[in-house]
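See structure below.
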Protein chains: 2
Amino acid sequence: MSLTSAEIQQRQARMLAACRRDGLRITRQRTEVYREIAATEAHPDAEAIHARVTRRIAVSLDTVYRTLAALEKAGAIGRVSALHGAARFDANTAKHHHFVCTECGLVRDFSSAELDAYCPPEAVRQWGEILSVHAELRGICNQCREARTGSPGA
Amino acid sequence: MSLTSAEIQQRQARMLAACRRDGLRITRQRTEVYREIAATEAHPDAEAIHARVTRRIAVSLDTVYRTLAALEKAGAIGRVSALHGAARFDANTAKHHHFVCTECGLVRDFSSAELDAYCPPEAVRQWGEILSVHAELRGICNQCREARTGSPGA
DNA sequence: GTGGGTGCAAATGTTTTGCACTCGG
DNA sequence: CCGAGTGCAAAACATTTGCACCCAC
């Protein structure tokens with residue numbers, strides 16, 4: 001179930017490539033923070049990562065936050081949920097799915113018979129009782145796109 | 001695009017039923033907080049809801065939080081992302097999806113050719129540029145289930 | 001050498017909690 | 001009536017930021 005050291009090495013290499021591509025310096029803190037995330041499948045939060053990294057080297061919690069933000073922007077890591085900050089609520093209790101703009105946080109609902117018909121693999125159903133399926137489509141909404149380029153091009 | 005008053009009324013009725021079912025008292029604060037969520041498709045956060053409700057009646061922000069938690073437990077509202085609290089990270093940059101335990105926050109990855117092949121409806125693609133599709137399967141993991149019942153029943 | 005990265009500490013933002021008072025059932 | 005719900009204020013978390021120092025390039 002856990003990763004082999006070959007897989008971790010491969011991830012490390014991809015991370016280094018992502019840093020170079022984005023002009024990020026390779027520091028001890030970055031490699032060690034990344035190493036902790038790459039070595040686990042537990043999807044840790046900033047504090048859990050910090051706790052594990054500080055067993056090996058000294059890093060401050062705020063550096064962990066800055067490192068996570070930098071690695072995410074570089075595409076070396078992902079976050080489990082696209083939405084940061086405050087929890088958002090919805091009175092729509094019918095089955096539905098979301099388009100989320102990662103730039104401004106816009107959320108729009110849509111429904112999909114195709115997604116509602118999705119039946120998770122047996123292996124996943126073994127993990128527990130599945131109560132609902134929500135798809136999260138991440139992207140950039142038209143308004144943010146236009147704000148970036150200055151014009152409404154595709 | 002916005003909801004009709006008939007739809008809002010219908011939502012209100014469902015909310016009242018959910019409260020009665022869960023033994024929650026019907027208070028002015030609860031109905032007004034709910035009404036604000038039901039009347040919008042903007043997926044507001046606690047602060048935004050509070051700001052709008054206080055235009056009409058006096059409610060404290062902490063009551064808004066408690067109301068949201070109660071309505072969510074009663075099934076009258078939902079939250080956009082299953083995960084509360086701290087952001088969680090993942091070194092797996094390949095396409096994959098998540099099983100999330102809403103009780104303990106366990107997250108497990110799985111991949112699915114079927115989900116990866118999903119093509120969002122044209123109407124949704126009009127909203128912006130879609131960069132990725134993540135499915136979130138919400139449920140209760142086996143460990144939490146066993147902790148509840150005291151025995152590992154299905 | 002120099003600008004990006006880091007540590008420290010303090011600020012900001014989000015959510016929860018203890019306690020006394022109030023009101024829905 | 002009486003306990004669930006509320007308001008207030010303070011605490012507990014989660015995350016960001018300003019500034020001085022340091023090191024990867």
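We name chains A, B, ... by the order of the sequence lines, and we start the count at 1 in each one.
Protein chain A touches strand DNA chain D; the 5'-most and 3'-most nucleotides with an atom under 4.0 angstrom of its non-hydrogen atoms are D:dA14 to D:dC25.
Between B:Tyr65 and the phosphate of C:dT16, there is no side-chain N or O to OP1/OP2 separation shorter than 4.0 Å.
Sparse packing is recorded around CD of B:Glu47, with 12 or fewer heavy atoms of other residues, nucleotides or ligands lying under 6.0 Å away. Few gaps surround CD on B:Gln12; more than 12 heavy atoms of other groups in view lie less than 6.0 Å from it.
Put simply, CD1 on A:Ile26 is 12 Å from C1' on C:dG5, counting in whole angstrom units. Taking atom CG on B:Leu16 and atom C1' on C:dG24, their separation rounds to 14 Å, with Å as the unit. Distance A:Arg20 CZ to C:dG4 C1': 17 Å, rounded to the nearest Å. For B:Glu47 and C:dT12, the CD to P distance is 14 Å, given to the nearest whole Å. Going from atom CG of A:Leu61 over to atom P of C:dG7 covers 11 Å, rounded to whole Å.
Within 4.0 Å (heavy atoms only), B:Arg66 reaches at least one base atom of the nucleic acid. Counting non-hydrogen atoms under 4.0 angstrom, B:Ala70 reaches nothing in the nucleic acid.
Side-chain atoms of B:Asp109 and B:His97 form no donor-acceptor pair, as typed in the model, at a separation below 3.5 Å.
For the pair A:Tyr34 (side chain) and A:Arg11 (backbone), a donor-acceptor distance under 3.5 Å is present. Put simply, the side chain of A:Arg88 gets close to the backbone of B:His43: a donor and an acceptor are under 3.5 Å apart.
Of the two residues contacting DNA chain D, namely A:Asp62 and B:Arg28, the nearest-nucleotide position lying further toward the 5' end is that of B:Arg28. Along DNA chain C, the nucleotide closest to B:His84 and the one closest to A:Thr67 are compared, and the more 5′ of them pairs with A:Thr67. With DNA chain D read from its 5' end, the first of the two nearest nucleotides for B:Ala86 and B:Val59 is the one closest to B:Val59.
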Candidate pair A:Leu68 and A:Ile49, rule side chain to side chain contact (heavy atoms under 4.5 Å, CB included), full reasoning: CA-CA 10 Å; A:Leu68 291 170; A:Ile49 295 164; 3.9 Å; yes
Can B:Thr40 and B:Leu3 be said to form a side chain to side chain contact (heavy atoms under 4.5 Å, CB included), step by step? CA-CA 7 Å; B:Thr40 181; B:Leu3 292 97; over 6 Å; no
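Annotation: the terminal axes of the helix from C:dG1-D:dC25 to C:dG25-D:dC1 meet at 50°, where each axis is the rotation carrying the C1' atoms of four end pairs onto the next four (5 pairs per end, rounded to 10°).
Distance check, rounded to the nearest 0.5 Å: CG of B:Leu83 to CZ of A:Arg79 gives 11.5 Å.
You'll find the side chain of B:Leu71 reaches within 4.5 Å of the side chain of B:Cys19, heavy atoms only.
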